[in-house]
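Everything on this sheet refers to the single structure shown next.
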Amino acid sequence: MTAQFPPPVPEAEQRLLSHEELEAALRDIGARRYHNLHPFHRLLHDGKLSKDQVRAWALNRYYYQAMIPVKDAAVLARLPDAQLRRIWRQRIVDHDGDHEGDGGIERWLKLAEGVGFEREYILSTKGILSATRFSVDAYVHFVSERSLLEAIASSLTEMFSPTIISERVAGMLKNYDFITKETLAYFDKRLTQAPRDADFALDYVKRHATTPELQRAAMAALTFKCNVLWTQLDALYFSYVAPGMIPPDAWQPGEGLVSAGSPAGAPAPFQGGDVPRLPRGVRLRFDEVRDKHVLLAPERTFDLDDNAVAVLKLVDGTSSVSQIARTLGETYDADPAVIEADILVMLAGLAQKRVLER
């Protein structure tokens, strides 16, 4: 009599995974391969990099940021459904903005300016590592040439980005005195944009990866994207950390920086007609313990003398510098022109610290 053996159970990679299993497999790729695990990022977040090493990261990352809407445009052109195109095109708007001075690319430019670069040098991409350029260009070609499923699956690194953003912002604000919350403003919107984009892409992959072969292709696409991100950090580490072998055509410390007499991102001098205001998150408060007024900003506190307090109490977002000077002149029976000259110097100093704007 022939024994009845149960049919063999196919290996996971040979059978069709459930939606839950597929998502778990995709998340496992990120848990093992996402670039938050790279040594360069650990150094960055833990405050172990020099200012020039942070500059190298900001400069090279700009090329990746600038090419994201190019990549997304390639996907958009291939989407057959108007509803899908309307959803996907928001990614392009997020990076390019609706108007001049808006969008993620502009915010990254401000981040790079905030660590000392001239805008023209950043835009030129002259100092970008060749490995950065090769990796990013390979990603754009991948999205343009592979299947639509693979192109969309490659964007699923967005599933893991909120964690790295939280680590990065907290770590850099804590550990680098040249970094401010305003410098890192790029990441504020990404905390909501990335999960939205990831939810759409994950749903698309689950619905369209309908065979074991297609599921494996989606997983391979996500692996490829993780490798793109990892390779960029490999190049940064090799060039600027250890062994520190900077290629001849790459950025050298000191190049492309705003001159010492004109600090990076330095605001234009205030004029009498300008209306000063405190940025969001900055507040004038009376510290009862110390019995004095202070200016509170994210992660920072500034002590104020009596003159600064008198001026800042009148900074209401509607009064011009000249109007504030006239009010103080009446209060203290002093010449408004003299007061205005002193106010302009004080406001310039606060603006340079990024706790005042117009």
Legend entry - Distance-only side-chain donor-acceptor flag, D316 / S319, under 3.5 Å: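 Short answer, yes.
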Legend entry - Check: Y63/D137 side-chain N/O donor and acceptor closer than 3.5 Å: yes
Legend entry - From CG (L314) to CG (L328), nearest 0.5 Å: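 It is 5.0 Å, given to the nearest 0.5 Å.
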Hey, what's the ring geometry for [X] with [Y], parallel, tilted or perpendicular (30° and 60° as the breaks)?
X: Y176; Y: F178; answer: tilted
X: F40; Y: Y237; answer: perpendicular
X: H293; Y: F286; answer: perpendicular

Is [Y] paired with [X] through a side-chain N to carboxylate O contact shorter than 4.0 Å?
X: E182; Y: R107; answer: no
X: E330; Y: R326; answer: no
X: D94; Y: R196; answer: yes
X: K206; Y: D203; answer: no
X: K126; Y: E255; answer: no

Inset, instruction - Flag the pair D197 / R91 as yes when at least one side-chain heavy-atom distance between them is below 4.5 Å, and no otherwise. - result: yes
